[in-house]
2 protein chains.
Amino acid sequence: MLSNSSKYAVKAVLYLAIHSHKNKKIMAKDIAESINVPQAYLAKLLQELSREEIITSVKGPKGGFYLSDDNRNFSLMDVVNVIDGDKRLNSCVLSLEKCNAEKPCPLHNLISPSKSVFMESLQKKKIKYFSKQIEEGSAFLPL
Amino acid sequence: MLSNSSKYAVKAVLYLAIHSHKNKKIMAKDIAESINVPQAYLAKLLQELSREEIITSVKGPKGGFYLSDDNRNFSLMDVVNVIDGDKRLNSCVLSLEKCNAEKPCPLHNLISPSKSVFMESLQKKKIKYFSKQIEEGSAFLPL
DNA sequence: TCTTAAATATGATTTTTATCATGTTTTAAC
DNA sequence: GTTAAAACATGATAAAAATCATATTTAAGA
């Protein structure tokens with residue numbers, strides 16, 4: 001479903017959503033430690049996200065990463081798409097090219113309803129929604 | 001979600017469900033061609049399934065693979081578990097050890113309902129159910 | 001019994017994914 | 001301006017997954 005890389009990316013973004021803001025940047029190294037992900041690897045992922053402007057970075061001393069208000073309006077789907085591309089999540093469970101609603105493969109009807117609910121909320125719910133969930137105590141860490 | 005290997009395995013089993021029976025064995029090579037999977041690789045997967053008695057094999061000339069009536073009472077979950085092990089499907093979307101219903105990670109509540117529906121039907125519906133779906137025209141090939 | 005066609009077993013290779021390492025650029029603070 | 005701390009860029013290595021190759025075992029049929 002999600003690659004390890006995009007799991008890492010999502011975790012990092014959620015971490016930033018909760019702990020960073022414009023005046024509180026966080027270094028790659030610190031994020032990596034907090035979310036239990038190899039740091040050099042995470043650094044690379046953060047750079048990709050930053051390049052796509054899903055997260056914000058500041059170079060030099062006192063620099064680091066944070067989420068701007070704009071950043072918080074992205075969805076986790078955006079995060080995943082940057083890392084995994086947009087095919088991975090959209091493909092059929094059995095990776096069948098020709099599977100679709102009209103000619104569903106045997107597993108399609110089993111998974112389709114549930115999957116589309118998931119995909120839709122991953123798409124529609126913005127990053128800020130998730131930090132709110134955590135603040136309210138409806139969702140939990142640690143990552 | 002599913003590894004390539006288990007997708008191949010599921011496809012092969014579905015193919016056998018539709019096209020094979022005791023008096024109609026099918027060679028690995030023919031299955032592979034029909035479902036568009038590299039043959040040597042599929043052969044290996046079929047051997048694992050056969051070893052676990054999810055499918056039936058007969059060696060020698062006129063040999064091949066088929067599904068016995070017993071085999072048809074296995075679920076696709078069984079197929080997947082043989083190939084991928086039983087952890088892969090059960091783990092949290094973000095692979096968080098500590099994520100569970102009481103302390104759900106931010107994505108848990110999003111995916112959990114849909115996922116359990118899927119898992120349950122993958123578990124409960126037997127192989128014969130799927131071949132029936134196809135016969136009835138509610139599900140389609142090609143694989 | 002001999003030949004041949006199939007699965008089976010084992011291991012080698014390739015490709016992809018994940019991880020690590022190192023040098024370059026930017027910028028704050030002195 | 002010099003230094004140092006951070007992201008950024010690039011490439012090397014390692015691990016895992018997928019694929020390929022080859023020799024062995026089994027059993028049907030002549």
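To find a chain, count down the sequence lines: A is the first, B the second, and so on, and within it residues start at 1. Only this structure's heavy atoms are used, side chains among them; waters, hydrogens and symmetry mates stay out.
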In whole Å, I'd like the distance from the NZ atom of B/Lys29 to the C1' atom of C/dA7. 14 Å

Distance check needed: C/dT17 P versus A/Met1 CE, whole Å only. 17 Å

Using a 3.5 Å cut-off and no angle test, enumerate the donor-acceptor pairs between side-chain atoms of residues 99-112 of chain A and protein atoms at least two apart in sequence or in another chain.
| unit_1 | atom_1 | unit_2 | atom_2 | d |
| --- | --- | --- | --- | --- |
| A/Asn100 | OD1 | A/Glu102 | N | 2.9 |
| A/Asn100 | OD1 | A/Lys103 | N | 2.8 |

Heavy-atom distance under 4.5 Å between the side chains of B/Leu45 and B/Val82, does that happen here? no

Return the set of residues passing side chain to side chain contact (heavy atoms under 4.5 Å, CB included) with A/Glu97 (not counting sequence neighbours), or none when no residue passes. none

Rounded distance (Å) that lies between atom P of C/dT19 and atom CD of A/Gln39: 13 Å

Rounded to whole Å, the CG-C1' distance (B/Asp30 to C/dA5) equals 12 Å

Non-neighbouring partners of A/Gln47 that pass side chain to side chain contact (heavy atoms under 4.5 Å, CB included), sequence neighbours left out: A/Ala43, A/Arg51

Using atom CD1 of B/Ile26 as one end and atom C1' of C/dA7 as the other, report the distance to the nearest whole Å. 15 Å

Keeping to residues at least two apart or across chains, list the ring pair (Phe, Tyr, Trp, His ring centres under 6.0 Å) pairs with something in residues 41-90 of chain A. A/Tyr8-A/Tyr41

Suppose the criterion is salt bridge (charged side-chain N to carboxylate O under 4.0 Å, His left out): which pairs have a residue in residues 108-128 of chain A, not counting sequence neighbours? A/Glu120-A/Lys124

Which residues pass the ring pair (Phe, Tyr, Trp, His ring centres under 6.0 Å) test with A/His19, sequence neighbours left out? A/Tyr15

In this structure, how many angstroms lie between the P atom of D/dT10 and the CD atom of A/Glu48, rounded? 12 Å

Identify the pairs formed between an N or O of the protein and an N or O of nucleotides 11-17 of chain D at a distance under 3.5 Å, and give each distance.
| unit_1 | atom_1 | unit_2 | atom_2 | d |
| --- | --- | --- | --- | --- |
| D/dG11 | O6 | A/Lys44 | NZ | 2.3 |

Please tabulate, one pair per line, each protein N/O and nucleotide N/O from nucleotides 25-30 of chain D that are separated by under 3.5 Å, including the distance.
| unit_1 | atom_1 | unit_2 | atom_2 | d |
| --- | --- | --- | --- | --- |
| D/dT26 | O4' | B/Lys59 | NZ | 3.4 |

Under 4.0 Å between a side-chain N/O of A/Ser50 and OP1 or OP2 of D/dC8, yes or no? yes

Given C/dC20, C/dT8, D/dA9, identify the nucleotide with an atom nearest to the side chain of B/Gln47. C/dT8

Can you tell me how far P of C/dT26 sits from CE of A/Met27, to the nearest Å? 21 Å

Output every pair passing side chain to side chain donor-acceptor pair (under 3.5 Å) with a member in residues 132-143 of chain A, not counting sequence neighbours, ordered by first then second residue. A/Tyr129-A/Gln133

Counting only side-chain N and O atoms of B/Tyr8, is one of them less than 4.0 Å from OP1 or OP2 of D/dA18? no

Are there more than 12 heavy atoms of other residues, nucleotides or ligands under 6.0 Å from atom CG of A/Asp69? no

Counting the atoms with a prime plus P, OP1 and OP2 as sugar-phosphate, which does A/Ala43 contact under 4.0 Å by heavy atoms, base, sugar-phosphate, or nothing? nothing

Is any side-chain N or O of B/Arg51 closer than 4.0 Å to OP1 or OP2 of C/dA9? yes

Once you round it to whole Å, what is the distance between C1' of C/dA7 and CG of B/Leu45? 14 Å

Between D/dA9, D/dA21, D/dC8, which one does the side chain of B/Ala40 approach most closely? D/dA21

